[in-house]
Amino acid sequence: MIHMEYYLVVSTIMFFAGIFGFFYRRNLLAILISIELILNSVDINFAVFNRYLFPGQLEGFFFTLFAIGISAAETAVAIAIIINIYRNIRNIQVSKLDKMKH
Amino acid sequence: MEIVVFYILAAVIVVFSVLTVTTQRILRSATYLLFVLFGTAGIYFQLNYSFLGAVQLTIYAGGIIVLYVFSILLTSPDGDKIATKLPKSKLFAGLVASLAGAVLCIFITLNHTFPVSRFVPGEIDMKTIGFALLGTEKYQYMLPFEAISVLLLACIIGGIMIARKRG
Amino acid sequence: MNFLSLFVGIPVVMMLGLLLAGNLKQIRAVMVAGATALLALAVMLTIMYLGERSAGNTAQMLFRADVLWFAPFNIHYAVGVDGISVVMLLLSAVIVFTGTFASWRMAMQQREYFMWFCLLATGVFGFFISIDLFTMFMFYEIALIPMYLLIGVWGSGRKEYAAMKLTLMLMGGSAFLLVGILGIYFHSAPAGGTYTMNLLEIAQYRIPMEAQRLFFPLTFIGFGVLGALFPFHTWSPDGHASAPTAVSMLHAGVLMKLGGYGCFRVAIYLMPEAAKELSWIFILLTGISVVYGAYSAIVQKDLKYINAYSSVSHCGLVLFAILMLNQTAMTGAVLQMLSHGLMTALFFALIGMIYSRTHTRLITEMGGLMRVIPFLGVGYVIAGLASLGLPGLSGFVAEMTVFVGAFEQADTFHRVMTILAATSIVITAVYILRVIGKLLYGSVVNPAHQQLKDATWDERLAVIGLMLAVAAVGLAPLWISDMISDSMVTVVEQLAK
Amino acid sequence: MESAVLIFVLPMLMFMLLGIGGKYMTHRTAGRLGTLGLTVITVLAYVTAYRYFGAGRSGGVWLPQTVFHLEWLRFTENLQIELGILLDPISVMMLVVITTVSLMVHIYSLGYMKGERGFQRYYAFLSLFTFSMLGLVVATNIFQMYIFWELVGVSSYLLIGFYYTKPAAIAASKKAFIVTRFADLGFLIGILLLSFYTQTFNFTELMSGNVCASASGATFLGGSVIAWALGLIFVGGAGKSAMFPLHIWLPDAMEGPTPVSALIHAATMVVAGVYLVARLFPLYIEAAPELLVGIAIVGAFTSLYAAVVACVQTDIKRVLAFSTISQIGFMMVALGVSGMGGHAGLGYVAGMFHLFTHAMFKALLFLCAGAIIHTIGSNEMSAMGGLRKYMPVTHITFLVACLAISGIPPFSGFFSKDEILTAAFLFSPWMGVLMSGIAGLTAFYMFRLYYNIFWGAEAKREHTPHEAPVSMTAPLLFLAFVTCFAGFIPFGNFVSSDGVEYTIHLDGKVALSSVGLACVAIGIAFRFYRQASVLPAKMATAFGGFYRAALHRFYIDNLYLFITKRIIFAGISQGIAWFDRHVIDGAMNLTATVTQKVAYCIRGLQSGQIQQYAFVFLIGTLLIVVWMVFL
């Protein structure tokens, strides 16, 4: 028997690994990857809660499903933007992205 | 058996998550992410959500990671190497904040008394999923489904618009 | 809808027309048609107003209309005119009309320019016809905003700085004003009825003294900023210097009058007790304005700066007269608004025309222009003489009414301040004659100026139109002064309560 | 009498016509049109005078008549400005004087200004001036007077600055306007004060006698308010009439065309101040007799000052200008020493009489000077000399005028001046002696002028001088004729302080002494200037410092320059302008700068770095969680 909390602990670690990456990395793609981690950990939580606490229902399941779909869309757009930026300034370091500020 | 599998999965996820965000090379980072995603898929299978696991594998591991790899190759072969290093203080602050967050979260999770939780095995068959997805009644998800399809369409168009070369 | 709304409607229609206009010719056609319509409307209003009055209609405001447009705060679109608003509307119409011709040869983006111009006109006209505080305030803001763009885009010199400064200072004023208006609103029903924004209804009640003490200065300063009240006048020199010709005209000619009119209509009329109690502070400030502006003007080198400081002085006299709180002086204040509006518009029009020829506004770089461009020269002399209060031109009538009125206050403080203000007529003569002597007389300083062309037909039209108005007020002031004076009675009664 | 309205309206129409339409006329048309218009006006003025005096007295006095009035502006129920025509002896006399001199100047200018650029403008301005001056003298109320007072000021400004490309003319016109404007401020405040306490502008009501009673209570610094008001009004009059120390504009005003100097700065406008005092004379007598003494003293001092300065000037127009100032001083003295009615009122009669005769002979002098300048092309005495051979008519007429101003019988000046002296002796012997002395000085400097111009050594000239054309000599002859015989007009019959007939008697002693003094003065001038002589130079060195001071007009101008340029312009104005730009505007800019600085400081928080935001967000969330869970 695996306790629900085990899953939660794993996902929490993953979540904060993502957050740390989000702070730490300076590359846009790396930041995006960190976001994927965060999303994934949340997905796990949804699935786990659904399975353990509300076994008769499907909300968590579907939420995860939709989240995967949306994250795919988000990634696609983000990567398109990143490529476009790269084309314009030959760099994707966040510290260089300050053109719109001025 | 299950416990063993879970520990292996958990170890994979934790180790590779940390590696994903700490490695200096962006391509490795993507690769480690792939492993994390595999691990997540494994957890879905373990929870008896085979469909979800399959989706995870195909869309994430199959689709998104490929997208990442391509864009990494397209943008910066040198990856993070030339990235400006963060000041130590910021790194430390981020680390401390994240760790504190993690500790706090875990602490809460472990201390919280959830309602009676038990693992009820059993697959959800495709028919149920299909009906739920395309039904319009309570606990059926026609509307979000359509909304997401529109969103995807918009993203496709948007992606093309943004990424295409300007004449 | 009654016909006063046409004053707001016509500029709006003009804007639509400009949107549809295809080329410069059509743009001009729209502007001329619209401006003429406005002028005709204003003249018609004057005639109808006088007709009504002579027919014995003694209501305080004529041609009223009232539409509720925002129920939660009881805000109405309430319009109506008395003699004072009629005069102001007439002034605005004349200046919009002549301003159109003064910007006939605007070099770029005429459509946008004229659209903002019309929006400004909408605000101005709307302000003068409104008798609902909030609607009034709204039109006031409508009139202010286009200023920023008109100066910032079509101006010259340090236009961004000037536009920003002007807008920020005036907006700062409106912040005071908004607080003041809300204050009045929330004290408009002391007995516990529904609050109202309607000027006439508020005037029926007596706003509690503590509230008056607080909100009178707020309102007065709020409007006073626009009326170039010392020390909040510094937007004026920079703003005028950078603004394009017609905008300077409209701004100094009409917009600054919004300040005086507002002070009078809102601050004094609604809060008479506080006005009586606190007037001395503002008399001091306006007295300083009058003399200070005049002295500053003596040493300026830029024509527009001279005029801007002169406006500070003259508009100071408007506020000064209002604060004398008696019928004659306040009539004089309105006359002074009218007179200053006309002659300063004439000044700015001429300065713009001279600038467009010589490309400089520094009097040290010009000289002897009378021989080269006699029409503009004569126009300038006439404007100057009007400004220094020559009998037969508008300035004299206004100043004399103000001084006679101010002398009705017999205590030493008022006497001293009045005499101080009266010294400005000498100083005015000094700076006006200095400019005329340097700019127009003498021999031509810059050889390139020998080839200048005199005024074109559109410029002549603008200048002659304003000159006629100045002379008309100056030669036959009685009817206009009576019209104002009659409407002043209610205010005086309010003060006597 | 209604024709008087035309006197009022016609010049205005002429001004409009010539001012607007002048551009499209030839010089000839404009000039003739202007002159014709003025001829009509002159005739009308004479007709009015004839009918007014022809109608006879009623009740022993000349009654004032208001023949026309129009409400122009209403301040309050009581105070309203009317435009009207008030006919009484002095206004009728002024009508005659103004139109006569103006007509002469119009005719004269046809020749003098021939070919000048702006000829039409010149005539337009002359019409404007005539209009304003007529409006001033017929004013029914003090505010109307003020209105036209300002208008004559502006027409004087325009005419002095007629040669607007000449820097000296520009400066002179500006100076004239500003100095008189400054004085007018006093006038205005005086009017305001007076009207506030009496609640009327109207002359007739002001004179009615109950005015002072109504305002007797109000005092200010020890004097009654009415007296203060009258004093301030006199300041206005002093400015226009160039009384010391407000006289500085008049000598400079000679930069204008000479006929203008004759009309405005000798005959008509400059006596407006005298006219003003005469107009309000009953009020002065009633409310502030002590003020009249002050007026007399100011007049006497001015007269002395100007006479001394006139003795050393070399520019002939300036000599005449100072002479004018001096003569106006005489008139002021006459009014100042006068009482009311009968023999006590002799000064009033004398002042008005002198105003009349002075207008004629001083206009004549200026017009002669104009003829001389016209042919010589210079104002300096040194360029003249020996002109009597070339300009006989000018010579004779100038001599007549000189004799008149010196007070030699039977010329008109003798009679009027003699009465002033008599009145002065009546007032106080000191005043009489002083004024007699000044009269002697007058004779001296006039004949100095005369001998220097027409006798003495001839200067080298490029071409021989010639007599002026008929259009110029005809007015000279006419004015000389008037100067010869005007003295015999029974003036007291028409004008007297209380309107009752007053017959003038010559006071033998005074007449004899003054004529004697004048003869002596003429003799000295003859000895000094008849032929080139070293005596004047000797005198100049003997007086040394005094001579130089007089030559520089006792440095009054320099003082004014110092006050205006150094103190007002450089000190106050520059100071205020600096204050405005740096302190007031600086404060506004400082507010803006501070706002901006603060914005820059807190801008770091809005770095635009999503990671930073996320970090802050996380910390915040953690803190909230900690707070909610543990506290």
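Keep in mind that what you see is a predicted model, and the values were worked out from it rather than measured. Lettering follows sequence order; numbering is per chain, from 1. Computed over heavy atoms, backbone and side chain alike; hydrogens, waters and symmetry mates excluded.
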Go through the atoms of [X] and report whether side chain, backbone, both or neither lie under 4.5 Å from a heavy atom of chain D.
| X | answer |
| --- | --- |
| C/Ile480 | neither |
| C/Asn326 | neither |
| C/Leu475 | backbone |
| C/Val397 | both |
| C/Met169 | side chain |

Name the region of [X], side chain, backbone, both or neither, that has any atom closer than 4.5 Å to a heavy atom of chain C.
| X | result |
| --- | --- |
| D/Glu71 | both |
| D/Phe143 | side chain |
| D/Leu193 | both |
| D/Phe148 | neither |
| D/Ile147 | both |
| D/Phe75 | both |

Discussion item. Given 3.5 Å as the limit, does a donor-acceptor pair link the side chain of D/Thr595 with the main chain of D/Thr591, or not?
Written reply: yes
Fill in: Check: D/Gln144 side chain, D/Gly84 main-chain N or O, donor-acceptor pair, under 3.5 Å
yes
Response to the item:
One should read off an interatomic distance between C/Leu229 CG and C/Leu285 CG, to the nearest 0.5 angstrom, of 5.5 Å
Worksheet item: Roughly how far, to the nearest 0.5 Å, is the NZ atom of C/Lys301 from the NZ atom of C/Lys438?
Response: 8.0 Å
Worksheet item: If you tally heavy-atom pairs under 4.5 Å against chain D, which of C/Tyr309, C/Trp479, C/Tyr431, C/Tyr161 wins?
Response: C/Tyr309
Practice prompt. Name the option with the most non-hydrogen atom pairs under 4.5 Å to chain D; the candidates are C/Phe232, C/Phe403, C/Trp235, C/Phe396.
Written response: C/Phe396
Worksheet item: Would D/Arg121 and D/Leu158 satisfy side-chain contact (heavy atoms from CB on, under 4.5 Å), going step by step from the backbone distance to the final call?
Response: CA-CA 10 Å; D/Arg121 181 161 54 91; D/Leu158 292 170; over 6 Å; no
Worksheet entry | Residue pair C/Gln327 / C/Ser485, side-chain donor-acceptor N/O under 3.5 Å | yes
Worksheet item: So, D/His69 versus D/Asn141: side-chain donor-acceptor pair below 3.5 Å or not?
Response: no
Discussion item. With a sphere of 6.0 Å drawn around OH of C/Tyr305, does it hold more than 12 non-hydrogen atoms of other residues, nucleotides or ligands?
Written reply: yes
Discussion item. With heavy-atom distances below 4.5 Å as the criterion, would you say the side chains of C/Phe320 and C/Leu420 are in contact?
Written reply: no
Worksheet entry | side chain to side chain donor-acceptor pair (under 3.5 Å): pairs with one or both residues in residues 375-386 of chain C, sequence neighbours excluded | none
Discussion item. Please list all pairs meeting salt bridge (charged side-chain N to carboxylate O under 4.0 Å, His left out) that have one or both residues in residues 366-384 of chain C, counting only residues at least two apart or in different chains.
Written reply: none
Practice prompt. Would you list the pairs meeting salt bridge (charged side-chain N to carboxylate O under 4.0 Å, His left out) in which at least one residue belongs to residues 394-418 of chain C, sequence neighbours left out?
Written response: none
Worksheet entry | Presence of salt bridge, C/Arg158 and C/Asp238, under 4.0 angstrom | no
Worksheet item: For chain C, which residues from residues 174-186 of chain D lie under 4.5 Å away (heavy-atom distances)?
Response: D/Lys174, D/Phe177, D/Ile178, D/Arg181, D/Phe182, D/Leu185
Practice prompt. May I ask you to name which of D/Trp578, D/Tyr146, D/Trp149, D/Tyr163 has the most heavy-atom pairs under 4.5 Å with chain C?
Written response: D/Tyr146
